[in-house]
Number of protein chains: 2
Amino acid sequence: MSAEVECVQKMLEDHGITHTRQREEILSLFIMESKHYKPDEIFKLLRGKGIGIATVYRTLEMLRECGLIKEISVGKDRFYELKNQESKHIYVHFKCNKCGKFFDYYNIEAVQEYVSNVETVEKDMNVKVNDVNINLYGLCSKCKC
Amino acid sequence: MSAEVECVQKMLEDHGITHTRQREEILSLFIMESKHYKPDEIFKLLRGKGIGIATVYRTLEMLRECGLIKEISVGKDRFYELKNQESKHIYVHFKCNKCGKFFDYYNIEAVQEYVSNVETVEKDMNVKVNDVNINLYGLCSKCKC
DNA sequence: CTACCTGCAAAACGTTTGCAAGACG
DNA sequence: CGTCTTGCAAACGTTTTGCAGGTAG
């Protein structure tokens with residue numbers, strides 16, 4: 001069993017989340033391919049496996065609450081993606097203003113430097129920052145030509 | 001006439017947006033007090049002035065398209081706020097995970113440093129970044145005690 | 001006067017909820 | 001076996017749309 005799956009199972013246990021066929025189907029979607037999904041997309045991907053849209057929403061909320069996945073809002077859209085367990089909770093996404101496509105950004109080293117600035121904000125606003133979500137908007141490689 | 005108002009009028013002209021009583025009411029809300037509003041809040045604030053909710057949505061979309069205001073999505077909520085015309089299009093917001101309050105962050109110098117990193121992203125992803133939206137999540141000054 | 005804008009109400013959309021039937025351990 | 005979970009359909013809140021009447025220039 002991989003370390004990742006073990007970690008996921010521990011988190012589910014810790015939150016007293018029992019195992020069901022539907023929850024496993026949804027979770028494996030996130031684990032198999034680490035990308036972002038809309039609730040509706042998940043529903044359609046799992047069509048035929050007998051999972052109602054209400055269950056999709058209920059499961060997503062449950063996984064979010066126990067910190068396994070995170071929610072990203074971009075305009076009218078809402079996505080969910082696997083949450084990085086190991087380290088810094090920083091996420092960078094890019095949305096093309098022309099074609100509307102939405103990309104993840106993975107280069108963690110580049111992102112690292114953002115973190116140092118968080119302390120300034122914490123002091124300025126007298127808050128505790130746990131999560132950083134950076135959304136970039138512009139033109140993607142195809143549309144910018 | 002202030003430089004700001006002049007600038008706004010020029011942008012409206014440039015986009016061929018004609019003047020109406022309703023559009024003026026909504027725009028002055030943003031200009032008078034530079035904060036973020038939900039469509040519904042605008043509708044309620046202007047209640048009694050005879051502005052339908054459909055007009056609020058249509059006007060917001062129109063002002064957004066011509067770059068006068070910008071949209072911010074946080075979970076289920078959608079806000080609109082005046083867009084900074086002069087310089088860098090960087091916006092930092094903070095949402096408290098406990099009480100749900102949503103704050104603007106204004107310390108531009110602190111934010112400035114974020115900009116340098118954008119170039120790395122542009123090169124990595126082969127995109128052009130026009131807008132940067134940073135959402136921080138954590139505990140606000142009241143809730144963190 | 002013409003073209004565009006508006007309010008209204010209905011429709012569309014994403015999300016949530018109540019409930020009876022079913023699955024889990 | 002009791003409890004928790006599910007699918008369905010209805011309810012909900014937000015956003016969009018069609019249309020007849022009104023407004024701007």
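Values in this document were obtained by computation on a predicted structure and should not be read as measured data. Order of the sequence lines sets the chain letters (A, B, ...), proteins ahead of strands, with each chain counted from 1.
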Quiz item: On DNA chain D, nearest-nucleotide positions of Thr18(B) versus Ile17(A): which is more 5'?
Solution: Ile17(A)

Exercise. Hydrophobic side-chain clustering at under 4.5 Å (ILVMFWY, transitive links): who's grouped with Ile72(A)? Put none if nobody.
Key: Val74(A), Phe79(A), Phe102(A), Tyr137(A)

Self-check item: Rounded interatomic separation in angstrom, taking CG from Leu12(B) and P from dC4(C)
Solution: 17 Å

Quiz item: What one-letter contact string describes nucleotides 8-23 of chain D from 5' to 3', where B marks a base within less than 4.0 Å of any protein heavy atom, S marks contact via sugar-phosphate atoms alone, and - marks no contact?
Solution: B-----SSBBB-----

Restricting to salt bridge (charged side-chain N to carboxylate O under 4.0 Å, His left out), what partner residues turn up for [X], sequence neighbours left out?
X         : answer
Lys44(B)  : Asp40(B)
Glu81(A)  : none
Lys101(B) : none
Lys38(A)  : Asp77(A)

Quiz item: Under the side-chain contact (heavy atoms from CB on, under 4.5 Å) test, which residues partner Glu24(A), sequence neighbours left out?
Solution: His19(A)

Self-check item: Partner set under side-chain contact (heavy atoms from CB on, under 4.5 Å) for Arg64(A), not counting sequence neighbours
Solution: Glu61(A), Ile69(A), Glu71(A), Tyr80(A)

Quiz item: Between Tyr91(A) and Asp131(A), what is the shortest heavy-atom contact and its length?
Solution: CE1-OD1, 3.9 Å

Quiz item: Can you list every ring-ring contact (aromatic ring centres under 6.0 Å, His included) pair that touches residues 37-69 of chain B, not counting sequence neighbours?
Solution: Phe30(B)-Tyr37(B)

Practice problem: For the helix from dC1(C)-dG25(D) to dG25(C)-dC1(D), measure the angle between the helix axis at one end and the axis at the other, each built from five pairs, rounding to 10°. | Solution: 40°

Quiz item: Hey, can you pull the residues of residues 19-33 of chain A with a non-hydrogen atom under 4.0 angstrom from DNA chain D?
Solution: Thr20(A), Gln22(A), Arg23(A)

Quiz prompt | Sequence-distant partners of Lys76(B), side chain to side chain donor-acceptor pair (under 3.5 Å), two or more places apart | solution = none

